[in-house]
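Report on the structure given below.
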Amino acid sequence: MANRTYEVMYMVNPDTPADTIAKLNEAVGKLVEKEGGTVVRMDDVGIRRLAYPIQKKQDGYYVLFEIEGSGQEIAELERRMRVNDMIMRYITVRVDEDRKAATRRREKREARAAKRTKFRGAASEAPAEA
Amino acid sequence: MAEKEMEILDERGGMDVGEDVIGDRPRRYQRRRPRQVVPEYVDWKDIDYLRQFVPERGKIMPRRISGISAKDQRRIAQAIKRARSMAMLPFVAD
């Protein structure tokens, strides 16, 4: 199965005790591994102010995961997050294709910049950026 | 009358001028920030970057003001919408 990269972010109720959140994060990691995915990165962002109130709360505890896998683990993870009432919001974004597009774009940009400097030659050492 | 104002603006600025067809005749406009460079990867978590396309009211800045390409505008709009759904940016702010 083609490997895909996902960013999964969820927002936990800020009133939950820290050890419960830690346990939840651990459970997420285990679930992903059980379903055949790998956790590339785990970022515990912590409590942040919300841009608008959710469930009458002004803050949220953010956790970000970067997961590699087939997509199966994402389906299971989303199912679990939906029923978990500690989790106020979650979002999954598939990033591998966007990242690939970004590297393509960067290469194109660099190639164009190299061409421009070559064209101008050594006469003007500092290429004036338009 | 509005058109006359726009023409005066064009003569003064002479920056980037575009046209939008709204109704029967094209409306001239002047880009406020001509030719913006957008990073290769627009991260929806990078709120500080996205904020420059979200004016005070919380709306997404139109392309005619932001001065970025249509392709980049789509990417930025998508990122802003993702950030909104996670309450990192407001839907409306007043």
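In what follows, chains carry the letters A, B, and so on, assigned in the order in which the sequence lines appear, proteins first and then strands, with residues in each chain numbered from 1.
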State plainly whether one hydrophobic cluster holds both [X] and [Y], where clusters connect Ile, Leu, Val, Met, Phe, Trp and Tyr through side-chain heavy atoms under 4.5 angstrom apart.
| X | Y | result |
| --- | --- | --- |
| B:I80 | A:Y62 | yes |
| B:I76 | B:V54 | yes |
| A:I54 | A:Y61 | no |
| A:I21 | A:M11 | no |

**Request:** Below 4.5 Å from any heavy atom of chain B, which atoms of A:Y90 appear? Answer side chain, backbone, both or neither.
**Result:**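 It is the backbone, since no side chain atom gets that close.
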**Prompt:** Looking at A:G60, A:A101, A:A51, which has the largest count of heavy-atom pairs under 4.5 Å with chain B?
**Reply:**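 Looking at each option in turn, the highest pair count goes to A:A51.
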**Message:** Heavy-atom pairs under 4.5 Å with chain B: which of A:L50, A:L64, A:V93 has the most?
**Reply:**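 Ranked by heavy-atom pairs under 4.5 Å with chain B, first place is A:V93.
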Answer yes or no: is there a side-chain heavy-atom contact under 4.5 Å between [X] and [Y]?
| X | Y | answer |
| --- | --- | --- |
| B:W44 | A:I91 | yes |
| B:M88 | A:M9 | yes |
| A:V95 | B:Y41 | yes |

**Asked** Do B:E40 and A:R104 meet the salt-bridge criterion of a basic N to acidic O distance under 4.0 Å?
**Response**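 Looking at B:E40 together with A:R104, the answer is no, because their closest N to O distance does not fall below 4.0 Å.
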**Message:** With a sphere of 6.0 Å drawn around NZ of A:K108, does it hold more than 12 non-hydrogen atoms of other residues, nucleotides or ligands?
**Reply:**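 Open.
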**Message:** Does A:E78 have more than 12 heavy atoms from other residues, nucleotides or ligands lying within 6.0 Å of its CD?
**Reply:**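 Yes - once you tally the heavy atoms of other residues, nucleotides and ligands closer than 6.0 Å, there are more than 12.
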**Prompt:** Atom CD in A:E7, atom CG in B:D43: separation rounded to 0.5 Å?
**Reply:**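 It comes to 6.0 Å.
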**Request:** Tell me, for B:R84 versus chain A, whether the close heavy atoms (under 4.5 Å) come from the side chain, the backbone, both or neither.
**Result:**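 It is the backbone, since no side chain atom gets that close.
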**Asked** Does any N or O in the side chain of A:R89 come within less than 3.5 Å of the main-chain N or O of B:S85, such that one atom is a donor and the other an acceptor?
**Response**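 Side chain of A:R89 to backbone of B:S85, a donor-acceptor pair under 3.5 Å: yes, one is there.
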